[in-house]
Amino acid sequence: MSREETVVVRARRAFQSGKTKPLAFRVLQLKGLHRFISERRKEIAEAVQKDLHKTEHGTELFETLGLEGEINLALERLAEWAAPRPVEKNLLTISDEVYIQPEPLGVVLIIGAWNYPWAVTLQPLVAAISSGNAAVIKPSEVSSHSAKVMEKLLPLYLDTELYPVVTGGVPETQELLKQRFDHVFYTGNSTVGKVVMAAVARHLTPVTLELGGKSPCYIDKNCDLRVACRRITWGKFVNCGQTCIAPDYILCEPSIQGRVVEELKKCITEFYTDDPKSFEDYGRIINQHHYRRVMALLEGSTVALGGDSDETQCYIAPTVLSDVTGGSKVMQEEIFGPVLPIITVSGVDEAIQFINEREKPLALYVFSPDNKLIRRVIAETSSGALLANDCLVHFTISALPFGGLGNSGMGRYHGKHGFDQLSHLRACLIRKLKMEGVNTMRYPPHTAKKLSWARFLLLKQVNVGKLRQMAQVTLFAALAAFILQRFFRST
């Protein structure tokens, strides 16, 4: 039995013991995860600095702050999320107890990504713990320092049988994917996403795929270019462009392309100084393999800004490309680096057409003061998310589902969406062994009269909540009438 198989067998045995069912146990594990983040900030920050050249403050801002928020929300709402959820009834079931009961799926495999090695690995873990599952955690081997810290320290804070950390590369991941899981949660690129989905299909295991793609950014010529470019610069070049929802390319009219380049130049200088290479808050490409991949994408394009690089440091300066076309090399794959192409279009009509001719993106950005134009882009395109006049910030809102569709992924998480994603929403109906006469209409022989009754009883929906409100209002009105009557009699 391989190490990976042993880990999964142990996790399943622990899950089947029923220890994750009580909410008190889940709360205890969530609090343990929170303590891990709070007490090990230094080790986490040092690992991310070695992996991605992030500062301690940058790590907290982009890695652990949102994670703490997810844990706090889960602790606050867990009882509500896990409670039975009453549903509307028909007249035939009006006296029955009918509800949805969330229940754990079983053993979940979480395969993390290297670009935000803590946030995108442990946020799904929050959902797994909250929903009562066991979870095997596989951090990315590419962010090796973070993976080692996670393997060493996380087991000190969580149940080691239910939430084991498995490190390693492709062979270890392949061995894990041979095992039977009840759900697989993968964050990464679409190429590997297809491999994951094919591997687990033999067990009919459902998947959540948080992928990426080329997220477009349309700039309306009438918007405030200074503000727009400031927000785009931040969204694109944070983490050295290695963000799955970073603006991948800009669409704008030719008349404003020059001004967009100038504003981007000002913002890059403001954020990262004239020498981003020596600026501590400007990151690095994860490794030389990805460095060479990103640099190769520049071939055949005009560099309007930046372009400086240093392979020994995996450094690529914030770079803007002008006069790019849909056929350019840089437009054939997700960039995932600090390179921002500008493609000129005649207006919003051509922009929408350009977007719709390609794979559905994880995010779509539009900058415009015109609410009608924004609503039109929403109505005529499809994407995992749409943001108007900002970038990335939807990731911080736990009430919004985070996820893609088509080539950008499937499934969703954050807050209650993650809880539901890793739960089986079980349909429950409980009735008594009484009122058997009502059931005669469904028993043979089937007659027109029985069908008429069935049509009435089955097709008439009953909103129990509204009935309860109406009953309360009626009771209140009757009580008020009684009090008024007594008052007038006494006078």
Side-chain angles (χ1 to χ4, degrees), residues 213-239 241 243-272 301-306 318-326 328 330-331 334-335 338-358 360-397 400 402 408:
K214 299 183 75 64
S215 296
C217 179
Y218 176 67
I219 305 178
D220 178 14
K221 65 180 179 180
N222 297 314
C223 81
D224 185 330
L225 291 183
R226 183 187 67 84
V227 174
C229 289
R230 185 179 178 84
R231 296 177 184 180
I232 293 168
T233 298
W234 172 75
K236 177 61 181 181
F237 298 112
V238 67
N239 201 33
T243 305
C244 60
I245 49 174
D248 192 88
Y249 60 93
I250 287 175
L251 296 169
C252 68
E253 294 185 30
S255 60
I256 65 169
Q257 181 179 210
R259 290 166 56 203
V260 167
V261 172
E262 282 303 310
E263 290 297 337
L264 290 171
K265 182 178 181 181
K266 292 176 186 176
C267 294
I268 291 169
T269 301
E270 178 189 349
F271 292 171
Y272 304 112
S301 295
T302 302
V303 176
L305 286 176
T319 299
V320 178
L321 308 178
S322 60
D323 300 315
V324 175
T325 67
S328 299
V330 74
M331 291 301 295
E334 182 180 7
I335 297 168
V339 176
L340 182 59
I342 300 177
I343 298 173
T344 57
V345 292
S346 58
V348 68
D349 290 345
E350 188 179 351
I352 290 172
Q353 180 182 351
F354 188 92
I355 292 166
N356 289 339
E357 287 173 349
R358 286 155 178 80
K360 294 178 180 180
L362 187 54
L364 194 163
Y365 302 106
V366 53
F367 285 81
S368 174
D370 185 348
N371 194 52
K372 287 184 178 180
L373 184 148
I374 293 169
R375 298 290 178 185
R376 183 183 170 199
V377 175
I378 293 174
E380 297 183 18
T381 61
S382 181
S383 59
L386 183 141
L387 272 72
N389 298 320
D390 211 341
C391 298
L392 312 190
V393 294
H394 65 296
F395 189 86
T396 68
I397 304 174
L400 287 175
F402 183 83
S408 60

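Not a single donor-acceptor pair under 3.5 Å links the side chain of Thr344 to the backbone N or O of Pro254. Although no hydrogens or angles enter the test, the distance criterion places no donor-acceptor pair under 3.5 Å between the side chain of Ser328 and the main chain of Val330. Between the side chain of Lys236 and the backbone N or O of Gly241, no donor-acceptor pair lies under 3.5 Å.
Evaluation of the salt bridge (charged side-chain N to carboxylate O under 4.0 Å, His left out) test over residues 215-225, restricted to residues two or more places apart or in two chains, returns Lys221-Glu253.
Considering only residues two or more places apart in sequence or on other chains, Arg376 meets the salt bridge (charged side-chain N to carboxylate O under 4.0 Å, His left out) condition with Asp349, Glu380. In this structure Glu334 satisfies the salt bridge (charged side-chain N to carboxylate O under 4.0 Å, His left out) test with no other residue, sequence neighbours excluded. Partners of Glu270 by salt bridge (charged side-chain N to carboxylate O under 4.0 Å, His left out), not counting sequence neighbours, listed by chain and number: Arg230. Among residues two or more places apart in sequence or in another chain, the salt bridge (charged side-chain N to carboxylate O under 4.0 Å, His left out) test is passed with Lys360 by none.
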Please test Phe402 against Ile245 for side chain to side chain contact (heavy atoms under 4.5 Å, CB included), starting from the C-alpha separation and ending with a verdict. CA-CA 10 Å; Phe402 183 83; Ile245 49 174; 3.8 Å; yes
Chi angles and distances behind the side chain to side chain contact (heavy atoms under 4.5 Å, CB included) call for Leu373, Tyr218: CA-CA 11 Å; Leu373 184 148; Tyr218 176 67; 4.2 Å; yes
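You'll find the side chain of Tyr365 stays beyond 4.5 Å of the side chain of Ser383, heavy atoms only. Counting heavy atoms from C-beta on, the side chains of Tyr249 and Ile335 never come closer than 4.5 Å. Pro338 has its side chain out of reach of Thr319: every pair of non-hydrogen atoms, C-beta onward, lies at least 4.5 Å apart. At a threshold of 4.5 Å between non-hydrogen side-chain atoms, the residues Phe237 and Phe271 do not count as touching.
Pairing each heavy atom of Ala246 with each of Gly235, the nearest pair is CB-O, 3.6 Å.
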Give the table of side-chain donor-acceptor pairs shorter than 3.5 Å for residues 256-264, with sequence neighbours excluded, one pair per line with atom names and distance.
unit_1: Gln257; atom_1: OE1; unit_2: Asp323; atom_2: N; d: 2.9
unit_1: Gln257; atom_1: NE2; unit_2: Asp323; atom_2: OD1; d: 3.1

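Environment of CZ in Arg375: sparse, with no more than 12 heavy atoms of neighbouring residues, nucleotides or ligands closer than 6.0 Å.
Checked options Val227, Ile250, Asp390; the residue passing with Ile232 is Ile250 (criterion: side-chain contact (heavy atoms from CB on, under 4.5 Å)).
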